[in-house]
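Since the model is a prediction, treat every value here as computed from it, not as a measurement. In what follows, every chain begins at residue 1, and chains take the letters A, B, ... in the order their sequences are listed.
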Amino acid sequence: MSAVDDKVTDLTQNPADDAGESPHPPSESEETTGGSILLFFILGLAASMVIGWVIFPKLLYSEKKQPINFNHALHVSEVDDECESCHFFREDGSFSGIPKNEQCIDCHEEVNGESEDEAIFVEEYIAKDREVPWLVYSRQPDCVFFSHSAHVNGADMECAECHGHIGESEKSRVYEENRISGYSRDIWGKNIAGFKRNSWDRMKMDDCAECHAEADGHDSSVQTQKDACFVCHK
Amino acid sequence: MKQAQKEHTTKRYGMVIDLDKCTGCGSCMVACMSENNVPFKTDESNKLDSITWMQVYKLTNGKSYPNTEICYLPRPCQHCAGKHEGHSPCVSVCPATATDYSKETGIVSQIYTRCFGCRYCMGACPYHARYFNWWDPVWPEGMEKYLSPDVSPRMRGIVEKCSFCFHRYQLARNKVYLEGRKDLDEDEYQTACTQACPAGAIKFGDLYNPEHEVHRIAQPDMQHGGRPQNPHVFRLLERLGTNTKVYYMSERRWVRKAGDNYLPGEFENPGAVAGSH
């Protein structure tokens with residue numbers, strides 16, 4: 001008990017001492033210690049930044065190659081109806097998504113041109129009647145309901161607003177899959193900090209909600225006075 | 001999305017179940033479970049542990065032979081509106097905004113990814129329409145491939161319930177958008193139980209729409225909390241003020257009486273018993 005009391009009195013006395021006289025000028029050895037601490041701090045900060053911004057994202061996402069390197073630009077120039085030539089709506093309003101062999105076979109029954117990917121496609125998939133196991137960059141988690149019809153037909157949105165200018169791409173980029181969640185990197189976005197410049201940079205819930213909050217008539221929820229969760233969740 | 005979406009009118013989806021037609025076969029329960037990926041176990045005898053969005057109850061008039069009568073009562077979620085729209089017992093208590101009331105359709109939703117399993121809503125629901133997942137679902141081998149992709153399966157630790165097959169509404173609306181129409185037709189959106197009932201005992205549609213069969217049968221008085229004006233139609237626990245959207249119909253008096261708790265003589269002579277209502 002008495003030891004504690006001593007400490008308390010010591011502590012209360014010290015500030016008074018310091019205030020009374022100016023502190024000693026720092027000696028040379030103290031200066032170098034301070035410098036090395038600062039250096040150590042800067043190095044540590046730099047190292048953790050590199051780990052957080054560069055190494056962690058590399059570890060978090062596995063990189064997968066598409067089975068075929070697809071040239072969107074070439075196909076768009078060959079068809080009449082832009083995106084909807086291949087990615088169309090079915091009669092019941094559902095969206096066909098990525099085309100099946102059935103749609104490709106008219107042009108690709110035989111190998112056209114000299115591209116290696118073309119040869120693989122025709123020989124490995126069309127000839128063997130196998131569907132191409134495309135990796136879908138924009139695949140949403142299981143709990144999400146998304147209606148292409150509501151957005152494209154109902155709200156007159158352009159494909160590029162969410163998918164970017166993928167129609168102008170000449171080759172398929174690498175598909176990055178989150179090792180923890182299994183979702184495509186396009187959902188979180190390329191920028192690990194979550195910054196986005198274009199409307200298609202990210203496909204998280206907040207990005208959907210941004211538009212839903214702006215548009216009129218989206219207030220069906222009693223709880224939130226916004227769009228009800230059920231509009232997009234299943 | 002920046003442009004204002006094409007307006008569509010407000011709906012109050014509801015159901016009328018003709019108890020005199022119901023044979024208690026359980027088709028609605030089976031259809032519901034397969035439509036909505038409802039998990040089941042090898043031993044379903046423990047009713048505290050089993051999940052049935054649609055549950056068929058058996059009622060008797062309590063008389064001995066030869067006067068015994070049986071009635072089967074299918075019970076989905078009643079999609080209560082409450083005293084004012086959205087004042088459903090479950091919606092008003094949910095601390096997680098996991099259950100919500102849609103002003104557009106009148107449907108009480110349950111968002112599984114939002115629910116954290118406090119079960120407050122289960123305590124609040126007077127109809128026992130909500131179920132808790134005590135376990136992760138385990139499907140018989142190979143069955144996982146046959147699950148419906150339109151309804152996401154639930155994990156353990158969360159509450160689930162009937163959604164009036166809301167995914168069917170969503171899918172039906174796809175076509176409405178494509179064709180540039182404003183509204184769904186009555187037959188474009190029907191629940192799985194409605195379509196599965198071999199006796200045609202379940203009718204489903206918009207209670208606001210006078211052309212829909214549910215409106216014609218129940219004749220709901222929307223000025224007075226949707227009270228049915230057809231004398232053979234009643235709702236479960238009407239006097240709680242839950243303003244449910246599932247109506248029941250029976251010619252039999254004792255069945256209609258079973259829909260609520262009455263003091264002796266109160267049902268026969270409403271108003272005569274002091275303190276009633």
Open item on the list: Do B:Lys161 and B:Trp53 form a cation-pi contact, if we require the NZ or CZ to be under 6.0 Å from the six-membered ring centre and within 45 degrees of the ring's axis?
Closed with: no
Task: Aromatic B:Tyr177 / basic B:Arg173 pairing, under 6.0 angstrom, 45° off normal - done: yes
- [ ] Taking the six-membered ring for Trp and the full ring for Phe, Tyr or His, determine whether the centres of B:Tyr189 and B:Tyr169 are under 6.0 Å apart.
- [x] yes
Relative to chain A, which of [options] shows the most heavy atom pairs under 4.5 Å?
options: B:Lys103, B:Glu85, B:Glu179; value: B:Lys103
options: B:Ala172, B:Ser152, B:Ser102; value: B:Ser152
options: B:His167, B:Lys175, B:Gln170; value: B:Gln170

Non-hydrogen atoms of chain A under 4.5 Å away: do they reach the side chain of [X], the backbone, both or neither?
X: B:Thr113; result: side chain
X: B:Ile111; result: side chain
X: B:Pro149; result: backbone

Open item on the list: Please classify the contact between A:Val231 and chain B as side chain, backbone, both or neither, with a heavy-atom cut-off of under 4.5 Å.
Closed with: backbone
Task: Side-chain donor-acceptor contact under 3.5 Å, A:Glu131 with A:Tyr125 - done: no
- [ ] Taking atom types as modelled, find out whether B:Trp135 and B:Asp49 have a side-chain donor-acceptor pair closer than 3.5 angstrom.
- [x] yes
Task: Beyond-backbone contact of B:Gln78 with B:Met15, side-chain heavy atoms, under 4.5 angstrom - done: no
Open item on the list: Using a 4.5 angstrom heavy-atom cutoff, name the option from A:Phe89, A:Phe95, A:Phe145 with the most pairs to chain B.
Closed with: A:Phe145
Open item on the list: Let's test your reading of the structure: which of A:Ser221, A:Ser147, A:Cys143, A:Pro141 forms the most heavy-atom pairs below 4.5 Å with chain B?
Closed with: A:Ser221
Task: Pair A:Arg139 + A:Asp186: basic N to acidic O under 4.0 Å - done: no
